[in-house]
Amino acid sequence: MQKLIVNGGKRLRGELKLQGSKNSSLPIMAAAILCGEECRLDNCPELTDIYSAARILNGLGCKCRFSDNTAVIDSADINVTEIPEKLMREMRSSIIFMGAILGRTGECTVSMPGGCELGSRPIDMHISAMRRMGVDIRENHGKIICRAVSGKAHGAKISLQFPSVGAPETIILCAVTADGETVINNAAREPEICDLCGFLRACGAEISGDGESRIVIKGKNRLHGCEYRIMPDRIAGATYLAMTAATGGEIILTDACVAETEPFISVLEQTGCSIITYDDRIYLRSGSRLRAVRDRIRTMPHPGFPTDAQAVIMAALVTADGTSVFEENIFDCRYRHTDALVKMGADIQVLRKIAVVKGVPELHGANIEATDLRGGAAMAAAALAAEGVSEISGIFHIDRGYEKIENAVRLLGGDMRRV
Ligand code: EPU
């Protein structure tokens with residue numbers, strides 16, 4: 001098992017080109033199934049979750065290959081409609097393929113998806129939406145067997161009980177080639193949903209309202225292939241900004257998505273960091289000690305503070321001057337990184353959805369284990385800020401979302417290596 005060895009206490013300083021977004025690449029790769037032709041996805045990050053998506057596509061009969069952050073997917077010859085359980089378990093996004101396979105073939109067999117353990121992560125909204133679109137769904141020995149009753153899904157009006165990200169993605173994928181019009185109410189407004197819709201429009205789909213809570217999709221008989229550039233990864237961006245802030249450093253992030261990162265930036269600014277944005281660049285300079293954030297940091301659907309950035313900003317705030325309070329509203333088990341931070345000297349009290357972080361003067365290095373993707377990134381940020389050496393195991397979690405994190409950190413002058 002690989003580990004990251006981090007020799008902390010060095011200020012990060014330099015320029016970093018941001019990777020493409022994992023959370024928009026995954027549904028877009030699924031969407032390529034609907035085109036029946038070759039698609040070229042530029043700025044696609046090369047990550048273990050992306051390779052899982054490629055294995056799913058290849059298993060269905062697509063041809064998917066990568067070179068230099070470009071994924072080329074040819075879905076002309078789909079001849080399988082079942083995703084094996086082993087592949088379903090590799091990540092949460094495997095469930096989104098259900099919408100795309102149904103849209104292309106009218107049937108599919110999946111099972112419960114895997115992914116980071118952040119508490120209970122049901123798929124009830126995905127399933128009930130497919131049913132409303134005319135899909136018969138039965139469970140048999142863990143397999144979820146789906147078949148459009150009339151051979152093809154039809155449009156429907158669907159009101160989600162929570163502004164989920166994944167459920168509207170599944171619905172959109174099924175709806176773009178369904179019969180008639182689909183309306184999704186209470187959809188999440190996450191930029192990655194807009195990126196998926198941007199890709200689908202480039203393939204000939206008719207979608208409006210993405211980025212708002214009401215999305216309207218008019219079904220088309222056929223889509224076609226296209227070339228598309230994946231948006232930058234706003235959460236990886238937030239992570240490198242938080243790491244730099246935690247170490248008292250200075251960074252220019254290039255190829256960043258400024259507007260989409262604003263909910264994070266506005267909180268980070270309260271810590272006393274100077275942040276200047278210009279075109280696709282974010283410049284951050286951090287003072288010697290951060291200030292605690294006075295307003296409670298409440299995770300919310302976009303444009304609220306992103307749950308995916310909660311752990312990394314906490315890693316920066318554990319050594320801030322004063323007390324910061326977090327409220328995690330999206331997942332019921334997203335404070336699993338706090339034990340490792342406490343082991344490094346942090347003062348954190350967790351009570352259900354609240355975490356109270358009292359800033360301590362410094363952290364010390366420790367042997368810690370990543371528990372999930374963003375929690376692992378938070379541990380890496382804390383290790384960079386800590387005095388002494390840390391050893392982080394379980395880094396396969398981190399590799400799911402960060403492209404060669406140790407190279408990015410080393411480029412900024414940090415001391416992190418993989419052994
Ligand atoms: N939920 C249900 N039923 C459903 C679907 C969701 O109850 O059918 C609940 C979830 O349990 C959760 C809430 O609704 O409490 C929000 O879940 P959502 O569907 O929005 O999350 P997701 O689509 O599974 C995506 C990202 C996550 C990110 C969340 C929230 C991808 C691949 N994953 O997950 O990213 O945290 O939206 O923004 O896009 C990560 O990158 O580390 C990550 C976990």
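Counting convention: from 1, in listed order, for ligands and their atoms alike.
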- Query: Less than 4.5 Å apart, any side-chain heavy atom of Met112 and any of Arg89?
  - Reply: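 Yes; the side chains approach each other to less than 4.5 Å.
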Ligand-side contact atoms (ligand 1) for residue partner [X], heavy atom cut-off under 4.0 Å:
| X | value |
| --- | --- |
| His126 | 8 (O) |
| Thr307 | 30 (C), 36 (O), 38 (O) |
| Ser93 | 32 (C) |
| Arg92 | 5 (C), 6 (C), 24 (O) |
| Leu373 | 42 (O) |
| Gly166 | 19 (O), 23 (O) |

- Under a 4.0 Å heavy-atom limit, does Val165 contact ligand 1 with its side chain, its backbone, both, or neither?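 The answer is both, backbone and side chain.
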- Part of Ile330 within contact of ligand 1 (heavy atoms, under 4.0 Å):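 For Ile330, the contact with ligand 1 is made by both the backbone and the side chain.
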- Task: Could you point out which residue of Arg234, Arg334, Lys22 forms a salt bridge (Lys or Arg N to Asp or Glu O under 4.0 Å) with Asp308?
- Result: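 Running salt bridge (Lys or Arg N to Asp or Glu O under 4.0 Å) over Arg234, Arg334, Lys22 with Asp308 returns exactly one hit, Arg334.
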- For atom 9 (C) of ligand 1, which candidate among Met125, His302, Glu328, Gln310 holds the nearest heavy atom?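 The option holding the nearest heavy atom is Met125.
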- Item | Winner among Arg374, Arg400, Gln161 once heavy atoms are compared against atom 40 (C) of ligand 1 |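 Of the listed residues, Arg374 has the closest heavy atom.
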Measuring from non-hydrogen atoms of [X] to any atom of ligand 1, is the shortest distance under 4.0 Å?
| X | value |
| --- | --- |
| Lys22 | yes |
| Gly401 | no |
| Arg334 | yes |

- Intermediate values then yes/no, side-chain contact (heavy atoms from CB on, under 4.5 Å), Leu412 and Arg11: CA-CA 8 Å; Leu412 297 170; Arg11 287 170 191 247; over 6 Å; no
Between [X] and [Y], does any side-chain N to carboxylate O distance fall below 4.0 Å?
| X | Y | answer |
| --- | --- | --- |
| Arg417 | Glu406 | no |
| Arg374 | Asp372 | no |
| Glu46 | Lys404 | no |
| Glu82 | Lys143 | yes |

- Query: Which distance, rounded to the nearest 0.5 Å, do you find between the CD of Glu192 and the OG of Ser25?
  - Reply: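 If I round to the nearest 0.5 Å, the distance is 10.0 Å.
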- Reported CD1-to-CD distance for the pair Ile145 and Glu139, which is rounded to 0.5 angstrom: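 That separation rounds to 9.0 Å.
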- Message: Does ligand 1 come near enough to Asp124 that some N or O of the ligand is less than 3.5 Å from an N or O of the residue?
- Response: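 Indeed, backbone or side chain, Asp124 has an N or O that close.
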- Query: Is any N or O atom of Phe162, backbone or side chain, closer than 3.5 Å to an N or O atom of ligand 1?
  - Reply: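 No, there is no polar N/O contact under 3.5 Å.
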- Message: Go through it in stages, so that I can follow the logic: the residues are Tyr51 and Phe66, the test is ring pair (Phe, Tyr, Trp, His ring centres under 6.0 Å), and I'd like the CA-CA distance, side-chain angles, deciding distance and then a yes or no.
- Response: CA-CA 9 Å; Tyr51 296 140; Phe66 291 93; 5.5 Å; yes
